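Notes follow the structure.
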Amino acid sequence: METIKELLAGNNQWVRNTLKVNPDFFDKLSQGQKPQFLWIGCSDSRVPATEITGAVPGSIFVQRNIANMVVHTDTNLLSVVHYAVKVLKVKHIIVCGHYGCGGVKAAMTNEDYGFLNNWLLHIKDVYRMHENELDAIKDEQKRFDRFVELNVVEQVHDLTKISFIQECWKEGEFPQVHGWVYSLKDGLIRDLGVSANSNKSLGHVYKYKHG
Ligand code: CO
């Protein structure tokens with residue numbers, strides 16, 4: 001796909017193909033959505049939530065930004081998360097990073113990326129939190145890979161810090177939050193094993209009392 005024309009032609013083709021397989025597809029989806037998942041991923045064009053999970057439209061609510069960050073002053077992300085847990089009542093929130101992430105790579109360097117620096121600072125903070133572990137990895141590629149993983153782990157923690165998520169956990173076991181990493185090299189997703197549905201792994205200053 002190189003041109004705008006191709007994209008629109010691609011859309012036409014997709015509608016025809018979809019209707020051939022499932023004539024009710026648009027009638028059903030136009031009535032509403034009830035996704036079970038919220039996906040927080042990287043804006044990278046190679047990591048589209050629906051395609052890489054074999055899911056269909058209607059199944060994943062999506063928020064993407066550079067390096068799949070959960071930034072607590074990002075009203076866009078917070079609004080998406082709030083709507084997902086309070087209205088859609090998604091059961092799972094997945095933070096999915098990816099090896100080879102340009103944003104994470106940029107945050108490892110001392111380059112001046114202009115305006116982007118402000119966003120990268122949040123990723124650099126993750127490096128500082130794990131500086132001992134990361135600096136001990138001499139192989140640069142391995143250090144980069146581990147930084148990608150640790151960044152996902154911290155974004156999962158950052159989700160558990162959100163007061164209205166902790167509020168949901170007072171009432172039940174959902175949403176469960178998960179940390180995944182996608183490999184551009186083989187297309188496989190790795191579960192980092194940091195799933196949570198409580199605030200118990202957080203420092204005490206992050207835990208809200210609620211009610
Ligand atoms: Co990326």
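One-based numbering, in listed order, for ligands and for the atoms of each. Since the model is a prediction, treat every value here as computed from it, not as a measurement.
- For Gln31 and Asp27, the side-chain atoms include no donor-acceptor pair closer than 3.5 Å.
- Under the rule for a ring-ring contact (aromatic ring centres under 6.0 Å, His included), the partners of Tyr83 that lie at least two apart in sequence or sit in another chain are Phe61.
- Each protein N/O/S atom under 2.8 Å from the Co ion (ligand 1) was counted, for a total of 3.
- Smallest separation of non-hydrogen atoms from Trp39 and Arg64: CD1-CG, 4.5 Å.
- When the options Lys142, Gln141, Arg143 are evaluated for a side-chain hydrogen bond (donor to acceptor under 3.5 Å, both in side chains) with Asp145, the one that passes is Gln141.
- Side-chain atoms of Tyr127 and Asp135 form a donor-acceptor pair, as typed in the model, at a separation below 3.5 Å.
- In this structure, Lys185 places its NZ atom where only 12 or fewer heavy-atom neighbours from other residues, nucleotides or ligands lie under 6.0 Å away.
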